[in-house]
Amino acid sequence: MSGPIALIDCNNFYVSCERVFDPGLVGIPVIVLSNNDGCAVARSDEAKALGIKMGEPLHLIRDKVRRHGIKVLSSNYTLYGDMSRRVVDALHAFSPRMEVYSIDETFVDLSGFGGRMADQAADMRAAVRTLTGIPTCVGIGPTKTLAKLANHAAKKNPVFHGVADFTEKRVRDYCMPRIAVGEVWGVGSRTEAKLAAQGVKTVVELRDMPLSLARKVGTVVLERTVAELQGVRCIDIEDVEPQRKGMAVTRSPGKPIADVDTMVSAVTAHATRAAEKLRHHGLVAGAITVFFHTNPHRPDLPRRHASKSVTLKPMSADTFDLVEAAVRCVRAAWRDDKPYGYTKAGVMLDDLLPAEAAPRTLFEFGRERNVRLMGALDAVNDRFGRKTLVLGSEGFRKDWHLKAEMRTPRYTTRIAEVPVIRV
DNA sequence: TCTGGGGTCCTAGGACCC
DNA sequence: TCTGGGGTCCTAGGACCC
């Protein structure tokens, strides 16, 4: 039961999704921005070659964008989420056991696969490419950490043609001295700096570190990483979705929020969305936290980080309950002593349970009616688009809304936006 | 001068991921 | 002018208990 593991990772996923529907984007530098059109979160190979970094703020690269004619797109998560589902569907034919790790990565258990692993992987790439149009790379290894590392090698080194197999010692021995520790899954910049102080710079050096020292430098997390690099499996494939612990909806408004009414309106929208997410997952929440804070990049302006939590009794996924609690939190946390301009606000839900597992209370008269009302609300918004029906306190003001000035159509999920081909 | 021992639970903060 | 959003896990330290 411990055959090799493959990691299939989509190349420049958001950019690749856009290219499927607009071939004019192929071969040119393209970047996709984060929410609010803030930072570059996906880059085509051509954009990477121009030196655009992951997470770089758009306002710092305006010049480069103009000079090189880089195509800039707002993010279209509806499209990417749907394309991600299609990629996973294509992979289902290959193995019964897989873990969808993120929107663009899936681990696949290769136990029982015969023949050369690399040939199987090539078949998976071809299937995904044919069925979705998305290019991928595959890494194979005896552990998840080695599969991730193999994937990195497959992406960076053209000799692999998109598939690197780290179950082969020869391949590991070639790659591991050439890769920096910071590329290892679980080693971030802080740990990288601590390892450098120990003289550990490459993946081989990390692999050959004594486990006890790894634990001292990092925590059990780093110790596990070293064991996994040695081929000892510590992190298993999670093919059943674990119970979520919390859930959040946070946004940066298009311009700073300076008055309590606008904050109430924004937080109402976030709580509404959070309630929708809860119901979509069949969960209820036991606690809600509202927070808002000023721009941390502007030390010259009045700074404040406000947050307020309340428990939800009974536990709930009802939009009215959540909005009412959230608005109470806003009013409790609001201050007028200085002219604050809040650049981020959010709602976080905790103590989540499946709705059927939630404790019953004495005060449930009339709740059945609300469950039906929420069902009707979701049905309308599913059919006619999010925000067709909203609560009054969200209002019609738009001044806190996100920026998304360069978003492409939702080609695959909105009938009005499906591409039309004329022949 | 001396001031038990051991356990659980909760929270805040750090680090990391995509 | 302009810097994303949504998660997980681990640890240390405090409160509390017997």
Side-chain angles (χ1 to χ4, degrees), chain A residues 7-14 31-43 52-63 65 72 74-77 80-81 84 99-107 144-145 148 151-152 181-195 215-225 234-235 238 241-256 270 273-274 277-278 281 286-287 289 291 293-301 305 307 309 311 341 343-352 402-405 407:
Chain A
L7 175 69
I8 292 88
D9 188 319
C10 301
N11 301 346
N12 317 328
F13 183 55
Y14 299 168
I31 59 175
V32 176
L33 301 176
S34 61
N35 264 332
N36 231 15
D37 293 347
C39 311
V41 292
R43 306 151 295 152
I52 308 272
K53 300 275 182 306
M54 178 64 184
E56 213 167 348
L58 178 63
H59 71 96
L60 295 182
I61 53 174
R62 283 278 185 210
D63 219 38
V65 166
V72 178
S74 301
S75 46
N76 184 346
Y77 285 103
Y80 312 149
S84 174
E99 172 187 346
V100 179
Y101 177 65
S102 75
I103 196 165
D104 68 339
E105 289 170 84
T106 299
F107 287 106
K144 276 178 154 184
T145 304
K148 285 279 279 187
N151 192 284
H152 171 82
V181 277
E183 303 295 345
V184 175
W185 189 39
V187 178
S189 59
R190 299 302 179 107
T191 307
E192 186 178 19
K194 281 192 219 161
L195 286 169
R215 189 172 192 140
K216 242 188 284 175
V217 173
T219 62
V220 280
V221 180
L222 189 62
E223 186 182 5
R224 268 202 297 257
T225 298
C234 305
I235 311 169
E238 290 175 23
E241 226 176 286
Q243 165 72 52
R244 273 166 175 275
K245 296 178 173 59
M247 184 180 280
V249 176
T250 69
R251 294 286 181 276
S252 299
K255 61 180 182 185
H270 301 159
R273 178 76 195 114
K277 277 170 77 175
L278 269 183
H281 288 90
T289 301
F291 76 89
H293 63 76
T294 54
N295 189 346
H297 305 289
R298 293 294 301 273
D300 51 317
L301 299 178
H305 196 130
S307 95
S309 307
T311 57
T343 54
K344 188 158 189 165
V347 169
M348 300 191 291
L349 302 174
D350 279 298
D351 302 344
L352 308 187
L402 290 175
K403 267 201 295 188
E405 291 165 351
R407 207 198 66 216

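Below, all heavy atoms of this structure are taken into account, side chains as well, without hydrogens, waters or symmetry copies. Just so it is clear: chains get the letters A, B, ... in the order the sequence lines come, proteins before strands, and each one is counted from 1.
The closest side-chain heavy-atom distance from A/Leu222 to A/Leu195 is below 4.5 Å.
Using a 4.0 Å heavy-atom distance criterion, A/Ser189 is classed as a sugar-phosphate-only contact. Note on A/Asp104: only backbone sugar-phosphate atoms sit closer than 4.0 angstrom, heavy atoms only; bases stay farther off. Within 4.0 Å (heavy atoms only), A/Lys194 reaches no atom of the nucleic acid at all. No contact: A/Arg215 has no heavy atom under 4.0 Å from any strand. The residue A/Glu105 sits close only to the backbone: its heavy atoms come under 4.0 Å of sugar-phosphate atoms, none of a base. Among the atoms of the strands shown, none is found under 4.0 Å from any heavy atom of A/Arg62. Residue contacts shown for A/Arg224 are limited to sugar-phosphate atoms, with no base heavy atom under 4.0 Å away. Nucleic acid contact for A/Val32: none, since no nucleic acid atom lies under 4.0 Å from a heavy atom of the residue. Among the heavy atoms of the strands, none lies under 4.0 Å from A/Thr343.
When the nearest nucleotides of DNA chain C are assigned to A/Gly38 and A/Val221 by heavy-atom distance, the more 5′-ward of the two goes with A/Gly38. Mapping A/Met247 and A/Pro256 onto DNA chain C via the closest heavy atom, the residue that lands nearer the 5' end is A/Pro256.
Of all nucleotides in DNA chain C, those with any atom nearer than 4.0 Å to a heavy atom of chain A start and finish, going 5' to 3', at C/dC2 to C/dT11.
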DNA chain B base-pair string [pairs: Watson-Crick or G-U under 3.5 Å; |: paired with another strand]
....||||||||||||||

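Separation of the C1' atoms belonging to C/dG4 and B/dC17 is 15 Å when rounded to the nearest angstrom.
Residues that satisfy the salt bridge (Lys or Arg N to Asp or Glu O under 4.0 Å) test with A/Glu56, not counting sequence neighbours, are absent from this structure. With sequence neighbours left out, the side-chain contact (heavy atoms from CB on, under 4.5 Å) criterion links A/Asp351 to A/Ala287. Qualifying salt bridge (Lys or Arg N to Asp or Glu O under 4.0 Å) partners for A/Arg407, counting only residues two or more places apart in sequence or in other chains: none. Residues satisfying the side-chain contact (heavy atoms from CB on, under 4.5 Å) criterion with A/Val100, sequence neighbours excluded, are A/Val88, A/Thr106. A search for salt bridge (Lys or Arg N to Asp or Glu O under 4.0 Å) contacts involving A/Arg190 returns nothing, not counting sequence neighbours. Under the side-chain contact (heavy atoms from CB on, under 4.5 Å) criterion, A/Asn36 pairs with A/Ser252, A/Leu402, A/Lys403, not counting sequence neighbours. Looking at residues two or more places apart in sequence or on another chain, you find no salt bridge (Lys or Arg N to Asp or Glu O under 4.0 Å) involving A/Glu192.
Taking the six-membered ring where the residue is Trp, A/His293 and A/Phe291 present parallel rings, their angle staying beneath 30° rather than reaching 60°.
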